[in-house]
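Take a look at the structure below.
Note that the structure is a prediction, hence the values are computed from the model and not measured.
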Amino acid sequence: MTTEQSASGSPRPDAAGNADTAGNADAAGKADAAGKADAAGITGRTEAEASGTAGKTDTAGKTGKDAAEAGATIGTGAMADAAGKADAAMAGTTGKKEAETRASDKTDATGKAGAAGTAGAEGAGGDGGKAATGKAENGSGKAENGSGKAEDGKPDRWEAFASAPEPVPSRLGRATRAVGRLLVHEWTLASLASLALAVLLTWPILRYPRHTLPQDYWDPSLQAWQMAWSGHILLTNPAQLWQSNTFFPEPWSFAFSDTLLGYAPAGMLGTGPEAAVLRYNIMFVLAHALATLGAYALARQLGAGRIGSAVAGVSFAYAPWLLAQAGHLHVISNGGIPLALAMLARGHGWSLRHGYRPERRHDGWVYAGWLVAAWQLSLGFGIGLPFAYFLAGTVLVAAVTWFLRRWVVRPVKRPFGRRLFIADLVGGLLFAGVGALLAIPFFTVAEAHPNAKRSIGDIAIYSPPASGFFTAPAESRVWGGLHEGARALLPWHPEMTLLPGFVLYALAAGGLFFSVWKLRHRLLLLAGVVVTMVLAMGTRFFDGTFTYVPLFEYLPGWNGLRTPGRLMLWTTLLLGLLAAGAVSAFATRVREISAERIPSWPSPWLRLATLLPLVLVIGEGLNSTPHPVVPPQPAAMRTVDGPLLVLPSNQSLDQPVMLWSTTRFQDVVNGGSGFTPRQLDDVRRVTLSFPDQVSVDYLRVLGVRNVLLMRDHIAGTPWEITVDAPVDGLGITREEIGDVVVYRL
């Protein structure tokens, strides 16, 4: 125990009994600040003794903050015990001895010495009544406060251990860090992975992208023309968008089939058939990438993990049944559906796993979701119409549920917000407006062409049996050859091979028992799978009396859908969400096992096991799709003016003719679509005897000026005999341009 000098000069125990007189003030602040002076008989209040080998303290009373800062240096003096009873007459002597005694001690930098933060001690006493100046008389340990240097000019030897100041990044450095964070962001990596996977799993579509088309060159030629026409006409004469250059002289001919109007910006780039084919192939790859990314985003928003969401994305974009739709870009272009749903769910702060979280609401995502939904609708009603009815039903159910929970069943104030309501109102009206504007031409065509309307009998032709859900198309590399016999039993196998993947079936089944989703959500997803499968069967499920037929008869526009099997798109999405729940739960369990291990890292086999479902789903998506070469454009199509007719004319041959017309977009009588207009049917029938007077007069009445007869397609037709017949007396001329005979009427 240290001692303190009494008035008589003899050492005595510290008056506090437990305070270190070397200067370690009690951090709890238990010092008695009202000590009494013995010898002078003057009762004073000692606020703090300022010991000062740490630096020179102004007698005017520098705050205790300076003493605390000075105490951090190696030359810090000891602070006097605030509870000691110091003899006022011996203040100078005592202070000096205390300073010498305490020079090696460190004062608690946070000690609460001096109630008001004053460093000087007040009082009077013998020895001339000098006031305490707060200076420690030990001159060997003085240091400038905050200077880091001793008074003799030598650098502080402890300065090297101080933390270095944080460097201020330059503007270029900040930009580089921002770009780096963007490049490693989850959504950047997901987008790049989706694009790379699309190139890989659609290969060899980009091997010869200007000369080949996937599956066949009939429907893809039609859709390549659709993109080219929309881009061309919107740049030149937007008012004539629906009056295309094909099916001359039919009006509203652009509405004879789904239009892919949402791809019009791509159609503005390049001209001619090769550019149209290249554009088609690029959009084909991008459509697969968007489908993968959209389903991934939806699963993530609903609460699935990254690997589970990747399984949902890949299974949605590369399900085996979709390989049979490789020639239908409007069916492949479905990524806007899950992407719009993900954006709307995020904007409303809702997820399947966590429910409604008002703090996560964001009206910007709501606007974006409705815009993406409207864009998806513009690609075609074949896929867009069921999506529109799904959105309408979802809005209705959500509104009723909200009302009941807020006002009827267990009323709870659930904030929604005016901004979110306005976003839904404006976005919903925008979506409905786009749908209405797009529907007008199609309803006009349906009225002008009654044969364009579908009947229940037409639906029955394309309705798949239950076995179709377990049968893969020929384009599947894994299952195509094995299911050849099963396909032979299907009446129209291109639209009836609806296998979404056996791996997907297994993962979805596992997701019913082991999942991150709640039980009620799993049951709802299962119910959705069953309902969509039943609807996809069309009239095969008890004749569709209580399933598909009511939709066909009462929902506007539904009777224009020819192939109910394409509703398998929704089944695939729901199965993918069930599978994502199972895979996410498995990945979570792996992380838990990892945390329990020492060191906390799972074995390599366990880490690879989390990727196995994804690898298997990718394997089932491998294709053996043919990529035939597109028939080259005849030179006559680049020089002959319209209106013109190309013979022979039929559904298959007319679609490449539409593609060939993309150089000049001259009017052509030819055309291919989901139905054949009666006038085109009459033209094909009358011109079987061309060139003769009846056919020439008929074509002149229609306004046709030129007829192109292709020699390489006339084998087995009447023109094989009449192609070289004289045309004298018909009032027409005949010339040959390459392999094409041109008749000028």
Side-chain donor-acceptor pair present, T572, W321, cut-off under 3.5 Å: yes
Modelled atom types, side-chain donor and acceptor of H328 and D258, under 3.5 Å: no
Of the non-hydrogen atoms in [X] and [Y], which two are nearest, and what is the gap between them?
X    : Y    : value
G262 : W375 : O-NE1, 3.2 Å
L260 : Q223 : CD1-CB, 3.7 Å
S309 : A580 : N-CB, 4.3 Å

Close side-chain approach of M283 to L286, heavy-atom, < 4.5 Å: yes
Full working for side-chain hydrogen bond (donor to acceptor under 3.5 Å, both in side chains) between S257 and S673: CA-CA 6 Å; S257 58; S673 71; 5.6 Å; no
Salt-bridge contact R562-E495 (side-chain N to carboxylate O under 4.0 Å): no
Cationic N near anionic O, under 4.0 Å, D641 to R664: yes
Check: S476 side chain, P473 main-chain N or O, donor-acceptor pair, under 3.5 Å: no
Criterion side-chain hydrogen bond (donor to acceptor under 3.5 Å, both in side chains) on S649 and R684, from CA distance to verdict: CA-CA 6 Å; S649 174; R684 291 171 178 172; 3.0 Å; yes
Derivation and outcome, ring pair (Phe, Tyr, Trp, His ring centres under 6.0 Å), residues Y296 and W187: CA-CA 10 Å; Y296 176 87; W187 295 110; 5.5 Å; yes
CH2 (W492) with more than 12 external heavy atoms under 6.0 Å: no
R419 atom CZ, over 12 foreign heavy atoms within 6.0 Å: no
W229 and T246: CA distance, side-chain angles, deciding distance, side chain to side chain contact (heavy atoms under 4.5 Å, CB included) verdict: CA-CA 10 Å; W229 167 256; T246 59; over 6 Å; no
Check: F254 ring centroid to W242 ring centroid under 6.0 Å: yes
Close aromatic pair by centroid cut-off 6.0 Å: F247 and W252: no
